Amino acid sequence: MSSAKSPEAYTLWGLPHSLYAGKARCYLIKKGIPFRELGPSHPGFQARILPKVGHMVLPVVELADGAVVQDTSDIIESMEAKYPEPAITPSSPVLAVVAWLIGAFGSEGLLPAAMHYRWSYREQQENFLRAEFGRALEPGPDREKRQAAGEKLMDYFGGMLPGLGVTEDSAGLIEDNYLELLDALDIHLQHFPYLLGGRPSIADVGLMAPLYAHLGRDPVPASLMKNLGPNVYRWTERMNSPVNLDGEFAEFDEVFFPEGTLFPTLEPVLALIFRDWAPELIANLQCYERWLEANSDMPAGTLVSASGESKVHPTLGVVEFQLGDQSIKKASVPQALWHFSKVWAMAANLSGEASLNFESLMKRTGGEQLMSMKLPRAIERRDYALVLA
C-alpha cells in the first residue's frame, strides 16, 4: 500500500486465520493506513511484543517508535484519533449507535458460531487447519514440521467449545441461527455494498472478525457462505480491498445512509442480533452484578476476572440463558459487556427526534429490553486487561 497517508510505519502482528486480526486488517486497509503484517513466529514478536503485552495474543499493532496497541477496539480508537477521515462512524446519531451495535455483535456475539464451524468440523478441514495454525510456529518450508506444530495448537483451541456454549445439543440451533443471519445479510448486501450504505463503517469492520477468518476462509463454512450467502462472501472480498466500490455498485456515492434513514433490509439483521445475542448479554450483565455484590469493596483497577488473573478471555463464572427452546450454559464474557457498554452510552446520549427514532427502531426489532439496561459499574481496559473503573 502507498505510504502517502502517513510517514509512520505500522506493523500488524497477526495471522490469516486469526478472527480479530481479520478485523484489524480490514480496518487498516479501508482507512488507507500503511502497514506491514508479520506473524508471531517472527523473532521480533518474542523480543519486543510479548514482554510488553505479557501474554500471547493477536492482533497487536506496533508503531515505529516501538509502542504497541493491543485489542482491536483500542487499535481502532487510537487510529481514529490520528486519522479521523474517512470516518468509520456515521454522523447520524441513530446510525452511529446501530453501527457500533452491529460491530459489537460481530466482535463478540458470533464467536460461538465461528468456533463451532471451525472445530466441530475439524475432521473435514484438518489439513487446511494444520497448515494455518502451523504458520504461527513454523514459517519455513518443512511441510511435515509445520503441520505437526499446527496440530498442537489445534488441540488447545478445539477444547474451547464447551466454554462457548457449543455442545452436541446446541450445535444444531447455533447453525440454524447463523444460516438465518447469513441469509438476512445476503439480502441486504445485494442492495448495498456495505452495511450502512456506500462506505464501510465499524459495523462492517466488527462483522468481518467472524465472517472472514473463520466463516469465510475455513473450508466447510466458506463453502456454505459461497453457496448460501454469495453477496456476503463478495462483501468479505470488498472489505479486504483498498478500493471502496466495485462495478456492481458503480452508481453508489461513498456515503452512509441519509440522516434518519435505516433501510428495511437491515432491520431483519438487527432483529436476529437481538433475538440471538440479547439473552446472553443479559445473563452476562446479571452475572457481573452478582460478582460486584459479592465483592463490594473492590477498588478501581481490580481485574474483572473471577480468578483474579489477567487472561485474554477472562470470565466471572458460568451463565445460563434460554436461546430458542434450549437452555445454554457457557462461561460469562465480561469482554462483551465492556464492548457493548459503548452502545449503551451512545444510546443514552440520544435526544429529541433521534431518541424517538431509535426507540421506534428498538420496538420494531426487539431491542427494547437490552437497550433499557446499563452497567452498574464501568469497566475499562488498562495495561491490556479489563479492570473496574
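Both backbone and side-chain heavy atoms feed into the values below; hydrogens, waters and symmetry mates do not. The shown structure was predicted, so the numbers you read here are calculated from the model rather than taken from an experiment.
Within a 6.0 Å radius of CD in Glu353, no more than 12 heavy atoms belonging to other residues, nucleotides or ligands are found. Surrounding CD of Glu237 are more than 12 heavy atoms belonging to other residues, nucleotides or ligands, all under 6.0 Å away. Within a 6.0 Å radius of NZ in Lys52, other residues, nucleotides and ligands contribute more than 12 heavy atoms. Around atom CD of Gln322, more than 12 heavy atoms belonging to other residues, nucleotides or ligands sit under 6.0 Å away. Other residues, nucleotides and ligands contribute at most 12 non-hydrogen atoms within 6.0 Å of the CD atom of Gln190. Counting non-hydrogen atoms of other residues, nucleotides and ligands closer than 6.0 Å to NE2 of His42 gives a total above 12.
Between the Asp65 side chain and the Ala67 main chain, a donor and an acceptor come within less than 3.5 Å of each other. Remark: side-chain polar atoms of Asp204 are paired, donor with acceptor, to backbone N or O of Leu195 under 3.5 angstrom. Using modelled atom types, one side-chain atom of Arg199 and one backbone atom of Ala87 make a donor-acceptor pair closer than 3.5 Å. Here the side chain of Arg25 pairs a donor or acceptor atom with the backbone of Leu15 at under 3.5 angstrom. With hydrogens and angles disregarded, a donor-acceptor distance shorter than 3.5 Å links the side chain of His191 to the backbone of Ile187. A donor-acceptor pair under 3.5 Å is absent between the side-chain atoms of Thr302 and the main chain of Met298, judged by distance alone. Listed for the Ser78 side chain is a donor-acceptor partner under 3.5 Å among the backbone atoms of Ile75. Side-chain atoms of Trp344 come within 3.5 Å of backbone N or O of Met373 as a donor-acceptor pair. Distance alone, capped at 3.5 Å, is enough to place a donor-acceptor pair between the Ser107 side chain and the Gly103 backbone. The closest donor-acceptor contact from the side chain of Asp183 to the backbone of Leu179 lies at 3.5 Å or more, if one exists at all.
For an aromatic pair to be called close, the ring centres must be under 6.0 Å apart, and Phe257 with Phe192 satisfies this. For His17 and Phe133, the ring centers sit closer than 6.0 Å to each other. Between Trp277 and Phe340, the ring centre distance stays below 6.0 Å.
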Subject >> Check against salt bridge (Lys or Arg N to Asp or Glu O under 4.0 Å), Arg234 and Glu248 >> reply: CA-CA 11 Å; Arg234 177 61 182 141; Glu248 182 181 359; 5.4 Å; no
**OP:** Step by step, work out the side-chain contact (heavy atoms from CB on, under 4.5 Å) result for Arg275 and Asn177.
**Re:** CA-CA 9 Å; Arg275 185 197 71 182; Asn177 289 354; 3.2 Å; yes
Subject >> Residues His188, Glu267; criterion side-chain contact (heavy atoms from CB on, under 4.5 Å); working and verdict >> reply: CA-CA 9 Å; His188 181 66; Glu267 291 196 17; over 6 Å; no
Original post:
Passes side-chain hydrogen bond (donor to acceptor under 3.5 Å, both in side chains), Gln335 versus His313? Steps please.
Top reply: CA-CA 7 Å; Gln335 175 85 6; His313 301 292; over 6 Å; no
Subject >> Glu151 vs Arg130, salt bridge (Lys or Arg N to Asp or Glu O under 4.0 Å): CA-CA, chis, key distance, verdict >> reply: CA-CA 6 Å; Glu151 185 177 13; Arg130 284 194 185 190; 3.3 Å; yes
**OP:** Evaluate salt bridge (Lys or Arg N to Asp or Glu O under 4.0 Å) for Lys31 paired with Glu80, printing each intermediate quantity in order.
**Re:** CA-CA 9 Å; Lys31 289 288 289 191; Glu80 284 295 290; 2.8 Å; yes
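With a 4.5 Å cut-off on side-chain heavy atoms, Lys30 and Tyr194 count as touching. A heavy-atom distance below 4.5 Å is found between the side chains of Tyr384 and Arg381. Residues Ile102 and Leu270 have side chains in contact (heavy-atom distance under 4.5 Å, counting atoms from C-beta outward). A heavy-atom distance below 4.5 Å is found between the side chains of Tyr288 and Leu316. Contact check for Leu182 versus Asp186: no side-chain heavy atoms found under the 4.5 Å cut-off. Within the 4.5 Å cutoff, no side-chain heavy atoms of Asp218 are placed close to those of Tyr121. In this structure, the side chains of Pro376 and Leu292 come closer than 4.5 Å at one or more pairs of heavy atoms. Residues Leu181 and Asp276 have side chains not in contact (no heavy-atom distance under 4.5 Å, counting atoms from C-beta outward).
One finds the OG1 atom of Thr365 at 9.5 Å from the CG atom of Leu266 (value rounded to the nearest 0.5 Å). Here the CZ-CG distance, from Phe105 to Leu272, works out to 8.0 Å after rounding to the nearest 0.5 Å. Rounded to the nearest 0.5 Å, atoms CE (Met371) and CG (Leu350) are 8.5 Å apart. Taking CG from Leu63 and NZ from Lys82, the interatomic distance works out to 5.5 Å, rounded to the nearest 0.5 Å. Going from atom OG of Ser120 over to atom CD1 of Ile174 covers 8.0 Å, rounded to the nearest 0.5 Å. Going from atom CD of Gln326 over to atom OG of Ser170 covers 6.0 Å, rounded to the nearest 0.5 Å.
For the pair Lys342 and Trp100, the cation-pi test (distance below 6.0 Å, angle within 45°) is passed. By the 6.0 Å and 45° rule, Arg118 does not stack over the aromatic ring of Phe157.
Residues Glu289 and Arg377 are not paired through a salt bridge, judged by the lack of any N-O separation under 4.0 Å between the basic side chain and the carboxylate. Salt bridge Glu293/Arg290: absent, no basic N to carboxylate O contact under 4.0 Å. The pair Lys363-Glu359 does not meet the salt-bridge criterion, since no charged nitrogen lies less than 4.0 angstrom from a carboxylate oxygen. A salt bridge does not link Glu320 with Lys330: none of the charged nitrogens is closer than 4.0 Å to a carboxylate oxygen. Ion pairing of Arg135 with Glu138 is absent here, as no side-chain N (NZ or NE/NH1/NH2) approaches a carboxylate O to less than 4.0 Å.
Pro40 and Gly14 make their closest contact through CD-O, 4.0 Å (heavy atoms, listed as atom of the first residue, atom of the second, distance). Considering all non-hydrogen atoms of both residues, Thr315 and Pro334 come closest at CA-CD, 3.9 Å. Closest non-hydrogen pair, Gly39 versus Phe45, comes out as O-CB, 4.4 Å. Closest non-hydrogen pair, Phe252 versus Gly198, comes out as CD2-CA, 4.4 Å. The minimum heavy-atom distance linking Pro200 with Met239 is given by the pair CB-SD, 4.0 Å. In terms of heavy-atom proximity, Pro16 sits nearest to Tyr212 at O-CE2, 4.3 Å.
Below 30°, between 30° and 60°, or above 60°: for Tyr10 and Tyr83 the angle between ring planes is above 60°, a perpendicular geometry.
Hydrophobic clustering, with ILVMFWY side chains joined whenever heavy atoms are under 4.5 angstrom apart, groups Val205 together with Val61. Tyr233 and Leu207 fall within a single hydrophobic cluster, where Ile, Leu, Val, Met, Phe, Trp and Tyr are joined by side-chain heavy atoms under 4.5 Å apart, directly or via other members. Using a 4.5 Å cut-off between side-chain heavy atoms of Ile, Leu, Val, Met, Phe, Trp and Tyr, with links allowed through other members, Leu285 and Trp291 fall into the same hydrophobic cluster.
The side chain to side chain donor-acceptor pair (under 3.5 Å) test applied to Ser360 returns Arg364, not counting sequence neighbours.
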